[in-house]
Each structure stands twice: as structure tokens, then as C-alpha cells.
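Quick caveat: nothing in here was measured; it's all calculated off a predicted structure.
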Amino acid sequence: MNLETLQKISEGAMPMGDVFACARIAGIMAAKRTSELIPMCHPIPIDGVEIEICPISDTQVRVCSTLRCTHKTGIEMEALTAASVAALTIYDMCKAVDRGMRIDEVFLLYKAGGKSGDFRRSDG
């Protein structure tokens, strides 16, 4: 995003309100509705959702979702959906001042448990 866009977000000066707070809520809501959005993804009980949004430069933010469940299957689709929708919400709330924003690199960083076992991205 533009430098000015991130400055306005940080100062709480965006016209639609607290961008990061709204994006966190959207991400949590999306995690809970993943099975309604992705075909063949069945609903699973989610024990916890955390959405962290932090600036990593003057023009970039990182959206990281952390989900927990005790179900026998993985929860990575819910985590990826949560992060994606949070990022889309940031775009939606800021597009009036910066239509050139980009959302890049949505990926799984780490997963533990489930049928397929543990996974850790080596370049993350």
C-alpha cells in the first residue's frame, strides 16, 4: 500500500474506522464459515482464532492467523481463509484512498497434528 495509507491506518484516520480491528473481526468470522465457502471443506469445531496484523515496512502489513482445534482433521483451510478475508477487508476499507494495494503470498506457515501430521514451511 502507499505510505500515506498505512500512516492513516496507524493514526486512526481512515474514513471507515479502525481498519485492523475490523479486519481481525472479519478474519474470525471467515474462519467460522470456511465450510460454507470452500466446497468439500467440512465444518469443524474451532477452539480459538487469533488474527495478528502488523506493519512490516512503511508500505506493508503482515496478516497472520493462528487457529486451534482438537478435531481429528487439520484446520489449515480455516486459517488460510481467515488471513485472506482479513487482508481483503483491509483492502475494502482502504480502497477509497489507495486502489493500487496488493495482496501477495497467502501460504501455510505451520501446522501441527491432523491426519497428515506436522508441517513447517522451510522458507517462512
Charged tip of R121 within 45° of F107 ring normal and under 6.0 Å: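 Judged by the rule (NZ or CZ under 6.0 Å from the ring centre, within 45° of its axis), R121 counts as positioned above F107.
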
Straight-line distance of D47 CG to C69 SG, nearest 0.5 Å: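 Going from the CG atom of D47 to the SG atom of C69 covers 6.5 Å.
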
Contact check, side chains of Q7 and I9, non-hydrogen atoms, under 4.5 Å: no

Beyond-backbone contact of L6 with P55, side-chain heavy atoms, under 4.5 angstrom: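 L6 reaches P55 side chain to side chain.
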
What closest approach, in Å, do [X] and [Y] show between heavy atoms, and which atom pair accounts for it?
X	Y	answer
T34	C41	CG2-SG, 3.9 Å
A82	A30	CA-CB, 4.4 Å
D118	G113	OD1-N, 2.9 Å
D98	N2	OD2-N, 2.7 Å
S84	V106	OG-CG1, 3.6 Å

Looking only at atom types and distance, does a side-chain atom of [X] sit under 3.5 Å from a main-chain N or O of [Y], one as donor and one as acceptor?
X	Y	result
K111	I75	no
D18	A21	yes
K8	S10	no

In terms of hydrophobic clusters joined by side-chain contacts under 4.5 Å, are [X] and [Y] together?
X	Y	answer
I53	L109	no
M16	V63	yes
M77	L37	yes

Basic-acidic side-chain contact under 4.0 Å: R68, E50: yes

Verdict with reasoning, E78 to I46, per side chain to side chain contact (heavy atoms under 4.5 Å, CB included): CA-CA 9 Å; E78 288 77 4; I46 298 173; 4.2 Å; yes

Return a table of donor-acceptor pairs under 3.5 angstrom between the side chains of residues 86-94 and protein atoms on other chains or two or more places apart.
| unit_1 | atom_1 | unit_2 | atom_2 | d |
| --- | --- | --- | --- | --- |
| T89 | OG1 | V85 | O | 2.8 |
| Y91 | OH | R99 | O | 3.2 |
| D92 | OD1 | K95 | NZ | 2.3 |

Side chain to side chain contact (heavy atoms under 4.5 Å, CB included) between C54 and E52, worked out: CA-CA 6 Å; C54 56; E52 180 184 358; 4.0 Å; yes

